[in-house]
**Q** 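Sharing a structure with you now.
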Protein chains: 2
Amino acid sequence: MTNIKKVSELAGVSTATVSRTLKSPDQVSEATREKVLEAVKAAGYRPNWLASSVKSGRSNTIVVLVPNLVNPFFMRIIGGIEQAAQEKGFSVLLGDTQGSPEREHEYASMVLTNRADGLIQLDHSFPFSAADADLAGDLPMVSVCERIHSEKKYPVIELDNYAASRALAHHLLGYGHKHFAAIVGQVSSQIYRERLAGIRSVLQEEQIPFEQSQITGGAYTIEAGIAGIAHLLSLPQRPTAIFCFNDDIAIGAVHAIKKAGLRVPEDISVVGFDNIKVSAFIDPPLTTVDQPAYDMGRRAVDVLVSQIRGEPLARSKEVLPFQLIERESSGPAPV
Amino acid sequence: MTNIKKVSELAGVSTATVSRTLKSPDQVSEATREKVLEAVKAAGYRPNWLASSVKSGRSNTIVVLVPNLVNPFFMRIIGGIEQAAQEKGFSVLLGDTQGSPEREHEYASMVLTNRADGLIQLDHSFPFSAADADLAGDLPMVSVCERIHSEKKYPVIELDNYAASRALAHHLLGYGHKHFAAIVGQVSSQIYRERLAGIRSVLQEEQIPFEQSQITGGAYTIEAGIAGIAHLLSLPQRPTAIFCFNDDIAIGAVHAIKKAGLRVPEDISVVGFDNIKVSAFIDPPLTTVDQPAYDMGRRAVDVLVSQIRGEPLARSKEVLPFQLIERESSGPAPV
DNA sequence: CTGTTAGCGCATTCAC
DNA sequence: GTGAATGCGCTAACAG
């Protein structure tokens with residue numbers, strides 16, 4: 001272990017001077033600076049990050065809690081987080097929770113133990129358990145996509161889900177659809193409520209019924225899309241247009257519809273949310289709502305870091321713009 | 001900041017006793033243990049991770065270098081890494097390099113500065129630059145999928161690419177194909193060479209020509225698959241079977257072939273590598289080679305952690321089994 | 001501009 | 001079984 005002391009001896013100066021040479025070179029004379037830098041090089045010295053962090057009390061690290069690593073939508077968010085974090089001198093600790101409260105708790109505790117300075121929550125079950133009530137006290141935390149259930153207000157970066165689902169509904173209405181259905185993701189969530197409310201508001205304006213039996217699903221997975229179609233095709237009134245609450249669900253739905261011998265969009269139109277990469281390349285390409293995932297990640301870091309620095313935050317809710325991407329999985333209602 | 005001293009005062013004992021109560025409770029009498037634990041609870045004390053790590057000199061953290069977060073294959077590996085790391089008490093720092101040598105360098109340096117104890121490389125360009133020659137000296141490091149170019153031998157967890165591509169080639173030969181092509185990923189890589197060698201070996205046995213003009217591509221992306229098809233369809237002799245070097249390329253290829261008015265597999269068979277989730281649900285479902293990504297991640301952690309602990313490693317190369325998944329994107333050669 | 005001193009929070013000697 | 005003292009590696013305050 002080559003430490004600062006060894007370098008100081010090598011350069012014939014004090015350890016303080018070595019430290020200064022590296023942290024604030026302008027406080028050191030040209031001559032000694034050169035001497036020190038040479039010694040640093042000769043010794044192959046790198047300052048021990050752990051030691052500096054103990055002093056400052058800050059780890060310049062943030063934890064990202066994500067329910068599922070394989071969802072490309074989350075990963076695009078994390079890409080934005082990573083980029084922004086690096087620009088600000090922060091590292092990213094990955095917290096794959098798999099939806100487990102114990103794991104969430106464990107990762108959240110890292111902030112309490114100075115292992116990290118703050119938390120970005122891509123899941124939405126915080127505060128996880130009763131055991132975390134204390135812990136939730138004063139954590140620097142930002143939520144992406146989903147508001148956090150807690151007395152304390154945490155900032156949130158989200159999409160205008162209400163408006164986005166209204167846009168999708170109008171898009172499908174424009175094609176003359178009258179029989180709708182939805183395959184949703186996690187039910188106990190803000191997203192679920194807002195998107196459903198958006199759809200309902202439009203259909204009510206048009207006096208089109210939308211019953212509970214037309215809503216199915218429960219997970220953001222391809223399998224949920226397949227199972228959802230199985231259910232919906234068994235209904236007495238088969239829907240001609242289906243809202244899928246993310247693109248994975250939509251991919252499963254398209255797959256199942258085609259497997260059942262029906263066509264997309266001639267028999268059934270399918271629309272999704274997220275605009276993941278592959279959505280443009282399946283058959284048919286998916287009509288979906290583009291979410292600026294990368295930017296959401298970047299903004300989350302901005303907000304979190306100012307929280308960590310104790311700066312007052314301008315607004316606690318940030319709504320990013322969406323974009324309706326019309327592709328070929330939606331079309332005129334069958335006659 | 002509630003520190004160990006505050007707790008010791010609250011419990012009326014020394015800081016050493018508090019420390020012991022938490023680290024090795026059996027060295028403390030029942031009575032004082034209870035007293036201390038009560039004080040810990042009352043103060044809401046959590047040991048400062050940074051401080052303990054300075055002492056031990058180990059951060060129990062590993063860095064994962066990944067070229068691209070959106071590739072679901074990598075993310076499955078990282079899922080395995082995360083799981084195994086957590087079981088062993090390690091945290092995972094995410095290093096999204098985007099293929100940039102500067103970033104790779106920066107992340108690799110973290111190990112030198114005690115910010116992390118070791119490195120898992122999912123990319124394969126180490127040692128990144130000349131500047132890293134020193135750095136490469138004695139880094140605990142494991143490579144997944146791809147051997148590292150360096151004098152020093154680093155352990156590697158990989159697939160038997162040679163055998164896997166031979167299996168694919170035999171599969172296609174069994175369907176009577178005689179005109180082959182390949183859309184490859186990164187060219188300067190072990191994977192490229194091994195897979196191509198596997199294909200070549202089988203085709204040579206059958207006296208089937210395989211020229212350089214039948215090999216195209218250069219990136220592991222959907223776009224590369226599309227561009228590859230554009231090239232291959234322009235050849236005088238159109239191939240009837242195409243090896244894609246990952247599923248993303250294959251998805252692009254299938255998309256482009258259908259867009260050109262041809263059918264998969266009736267006109268052209270397409271096979272991939274990786275078996276990412278969505279491959280089973282596109283139209284047609286993809287014939288591909290399943291790589292045990294999750295297990296690869298787990299094994300990588302096993303090997304890395306024993307390296308960190310200074311244990312001698314049994315073997316420096318570990319080859320995991322593959323599985324040929326036959327689906328509907330491959331079929332009889334057109335007559 | 002530079003060296004000395006002190007201390008971050010904790011864990012590990014070594015005494016008792 | 002417990003406490004006092006020491007030091008991890010580094011940086012900040014204070015002298016000079």
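Just so you know, these numbers come straight off a predicted model, no measurement behind them. Sequence lines set the chain letters: A, B, ... in the order given, protein chains first and strands last, and positions in each chain run from 1.
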**Q** I need the CZ-P distance between Arg46(A) and dC10(D), as an integer number of Å.
**A**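 So the two atoms are 13 Å apart, to the nearest Å.
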
**Q** Once you round it to whole Å, what is the distance between P of dC10(D) and NZ of Lys6(A)?
**A**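 Rounding to the nearest Å, NZ of Lys6(A) and P of dC10(D) are 11 Å apart.
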
**Q** Can you find a side-chain donor-acceptor pair between Arg115(B) and Ser91(A) that sits under 3.5 Å?
**A**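 Ser91(A) and Arg115(B) do have a side-chain donor-acceptor pair below 3.5 Å.
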
**Q** Between Gln291(A) (side chain only) and Ala293(A) (backbone N and O only), is there a donor and an acceptor less than 3.5 Å apart?
**A**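 It does not hold such a pair.
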
**Q** Hey, are the side chains of Val70(B) and Arg76(A) touching, using non-hydrogen atoms and a 4.5 Å cut-off?
**A**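 Touching, per the 4.5 Å side-chain cut-off.
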
**Q** Tell me, which pairs form a salt bridge (Lys or Arg N to Asp or Glu O under 4.0 Å) where one or both residues lie in residues 78-92 of chain B, sequence neighbours left out?
**A**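 Sorted result for residues 78-92 of chain B: Arg103(A)-Glu82(B), Glu87(B)-Arg298(B), Lys88(B)-Asp302(B).
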
**Q** Specify the angle, to 10°, made by the local axes at the two ends of the helix from dC1(C)-dG16(D) to dC16(C)-dG1(D) when five pairs are taken at each end.
**A**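 The end axes of the helix from dC1(C)-dG16(D) to dC16(C)-dG1(D) are about 40° apart, to the nearest 10°.
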
**Q** Taking the side chain as everything from C-beta on, heavy atoms only, tell me whether Ile157(B) gets closer than 4.5 Å to Val142(B).
**A**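 When only atoms from C-beta onward are counted, Val142(B) and Ile157(B) do touch, with a gap below 4.5 Å.
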
**Q** Taking salt bridge (charged side-chain N to carboxylate O under 4.0 Å, His left out) as the test, write out the residues that go with Lys41(A), two or more places apart.
**A**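 Residues passing salt bridge (charged side-chain N to carboxylate O under 4.0 Å, His left out) with Lys41(A): none at all.
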
**Q** Using a 4.0 Å heavy-atom cut-off, write out nucleotides 11-16 of chain D from 5' to 3' as B (base contacted by protein), S (sugar-phosphate only) or - (no contact).
**A** BBB---

**Q** Test of understanding: with side chain to side chain donor-acceptor pair (under 3.5 Å), list the residues that count as partners of Ser8(A), not counting sequence neighbours.
**A**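 Partners of Ser8(A) under the side chain to side chain donor-acceptor pair (under 3.5 Å) test: none.
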
**Q** With sequence neighbours excluded, tell me which residues meet side chain to side chain donor-acceptor pair (under 3.5 Å) with Thr221(A).
**A**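 None.
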
**Q** In this structure, how many angstroms lie between the P atom of dC8(D) and the CG atom of Asn114(B), rounded?
**A**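 Distance, rounded to whole Å: 14 Å.
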
**Q** Give the rounded distance in Å between these two atoms: NZ of Lys5(B) and P of dA4(D).
**A**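 The answer, rounded to whole Å, is 12 Å.
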
**Q** Can you pull out every salt bridge (Lys or Arg N to Asp or Glu O under 4.0 Å) where at least one residue sits in residues 51-62 of chain B? Sequence neighbours excluded, please.
**A**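 Counting only pairs at least two positions apart or across chains, the salt bridge (Lys or Arg N to Asp or Glu O under 4.0 Å) contacts touching residues 51-62 of chain B are Arg58(B)-Asp117(B).
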
**Q** Which residues pass the side chain to side chain donor-acceptor pair (under 3.5 Å) test with Asn114(B), not counting sequence neighbours?
**A**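 Partners of Asn114(B) under the side chain to side chain donor-acceptor pair (under 3.5 Å) test: none.
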
**Q** Would you grab the first and last nucleotide of DNA chain C (5' to 3') that comes under 4.0 Å of any non-hydrogen atom in chain B?
**A**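 The protein-touched segment is dG9(C) to dT13(C).
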
**Q** Does the side chain of Ile120(A) reach to within under 4.5 Å of the side chain of Ile62(A), using non-hydrogen atoms?
**A**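 When only atoms from C-beta onward are counted, Ile62(A) and Ile120(A) do touch, with a gap below 4.5 Å.
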
**Q** Could you list the residues that satisfy side chain to side chain donor-acceptor pair (under 3.5 Å) with Glu34(B), not counting sequence neighbours?
**A**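 Glu34(B) satisfies side chain to side chain donor-acceptor pair (under 3.5 Å) with no other residue.
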
**Q** Give Val18(B) one of three labels, base, sugar-phosphate or nothing, depending on what nucleic acid heavy atoms sit under 4.0 Å from its own.
**A**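 Answer is nothing: Val18(B) stays at 4.0 Å or more from every strand.
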
**Q** Within residues 24-36 of chain A, find the residues that approach DNA chain C with a heavy atom at under 4.0 Å, and present them sorted by residue number.
**A**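 Residues of residues 24-36 of chain A under 4.0 Å from DNA chain C: Gln27(A), Val28(A), Ser29(A), Thr32(A).
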
**Q** Tell me which pairs pass salt bridge (Lys or Arg N to Asp or Glu O under 4.0 Å) where either residue lies in residues 13-23 of chain B, with sequence neighbours left out.
**A**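 Every pair satisfying salt bridge (Lys or Arg N to Asp or Glu O under 4.0 Å) with a residue in residues 13-23 of chain B: there are none.
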
**Q** Tell me: CG of Leu50(A) to P of dC10(D), nearest whole Å?
**A**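 From Leu50(A) CG to dC10(D) P: 10 Å.
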
